[in-house]
Amino acid sequence: MAIALKINPEEMKKLFDDDLGQIMRMNYYPPCPQPDQVIGLSPHSDSTGVTILLQVNEVEGLQIRKNGRWVSVKPLPNAFVVNVGDMIEIVTNGTYRSIEHRGVVNSEKERISIGTFHNMGTGKEVGPLRSLVERHKASFFRSMSTDEYFKGLFSRELGGKAYLDVMRI
Ligand SMILES: O=C(O)CCC(=O)C(=O)O
Ligand SMILES: [Fe+2]
C-alpha cells in the first residue's frame, strides 16, 4: 500500500510494527429457515487496519455494500478475503476506503468464518500520515491515541461506517 501511495514504507510500517494488537474472531451462524427474519452480523466496517478473513466451510454469507447494494462475496477454496478497515482509511487520509460489510445466515447450512484483525498497537496515534496531509493540503480525519480511538469505538453500537464520521473533520 505504501508503495502504491508513493510514500516512504517506514512511515506506515512504524504504525503497524511488531507490537501490533492482533485479534482473532470466530463467527458461528446457525442455519435459519427464515434467514431474512434474523440478523447475522450487523452492517459495519472493521475499525482496524487490515482484516484477513477465512470463510471456513465455504458457505456463502459475507456481503459487501457496493454502490448502495449488498453484493455476496462467494467463498473461494483455500482463499482469504482481505478487507481494508477504518484505520487504513484514516491513515491514508481517505485514499483507501474501508469496506462496509455484513454477515447473513443461510437457510440450510451452518456457517463459520474466522477473521484476523491487524491493529495499530497501544501508544500510537491514529491519524492521517503527515506526508499525505501535505500532499492533499488537508487533513480529512482528526488524530487521536489508539486508546482514545478504541474507547470511543466500544462506547458505540455497531453501525455501518458511522464511527468514521466521528473521526472525519
Ligand atoms: O462472517 C463473515 O464473513 C464476516 C465477519 C466479520 O465481518 C467480522 O468478524 O468482522
Ligand atoms: Fe467485519
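All of these numbers come straight from a predicted model, not from anything done at the bench. Position 1 is the first residue of the sequence; numbering continues from there. In each ligand, atom 1 is the first atom listed, and ligand 1 is the first ligand listed.
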Below 4.5 Å, heavy atoms only, C-beta onward: do L164 and F141 meet side chain to side chain?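 Yes, side chains in contact.
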
Do K151 and E148 meet the salt-bridge criterion of a basic N to acidic O distance under 4.0 Å?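 K151 and E148: not salt-bridged.
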
Among all the protein's non-hydrogen atoms, which is closest to [atom], and how far away is it?
| atom | result |
| --- | --- |
| atom 10 (O) of ligand 1 | R25 NH2, 2.8 Å |
| atom 3 (O) of ligand 1 | R111 NH2, 2.8 Å |
| atom 5 (C) of ligand 1 | N27 ND2, 3.3 Å |
| atom 6 (C) of ligand 1 | L41 CD2, 3.3 Å |

Ligand 1 atoms in contact with [X] (distance to a heavy atom under 4.0 Å):
| X | value |
| --- | --- |
| L53 | 3 (O), 5 (C) |
| F117 | 8 (C), 9 (O), 10 (O) |
| D46 | 10 (O) |
| Y29 | 1 (O), 2 (C), 4 (C), 5 (C) |

Donor-acceptor contact present, side-chain [X] to main-chain [Y], <3.5 Å:
| X | Y | result |
| --- | --- | --- |
| N83 | D46 | no |
| N93 | F140 | yes |
| R142 | V166 | yes |
| Y149 | S47 | yes |

I'd like to know if S113 contacts ligand 1, where contact means a heavy-atom distance under 4.0 Å to any ligand atom.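 Under 4.0 Å: yes for S113.
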
Evaluate R102 for polar contact with ligand 1, using N/O atom pairs at a separation under 3.5 Å.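 In fact, backbone or side chain, R102 has no N or O that close.
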
Quick check on the hydrophobic clustering: are M87 and V81 connected, directly or via other members, by side-chain heavy-atom contacts under 4.5 Å?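 No, no single cluster joins them.
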
Only N/O/S atoms count here: what is the atom of H44 closest to the Fe ion (ligand 2) called?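 Atom name returned: NE2.
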
Atom nearest to the Fe ion (ligand 2) - D46, N, O or S atoms considered: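 Within D46, restricted to N, O or S, the Fe ion (ligand 2) is closest to atom OD1.
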
Can you name the residues that form a side chain to side chain contact (heavy atoms under 4.5 Å, CB included) with E125, not counting sequence neighbours?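 With sequence neighbours excluded, E125 shows a side chain to side chain contact (heavy atoms under 4.5 Å, CB included) to S143, given in chain and number order.
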
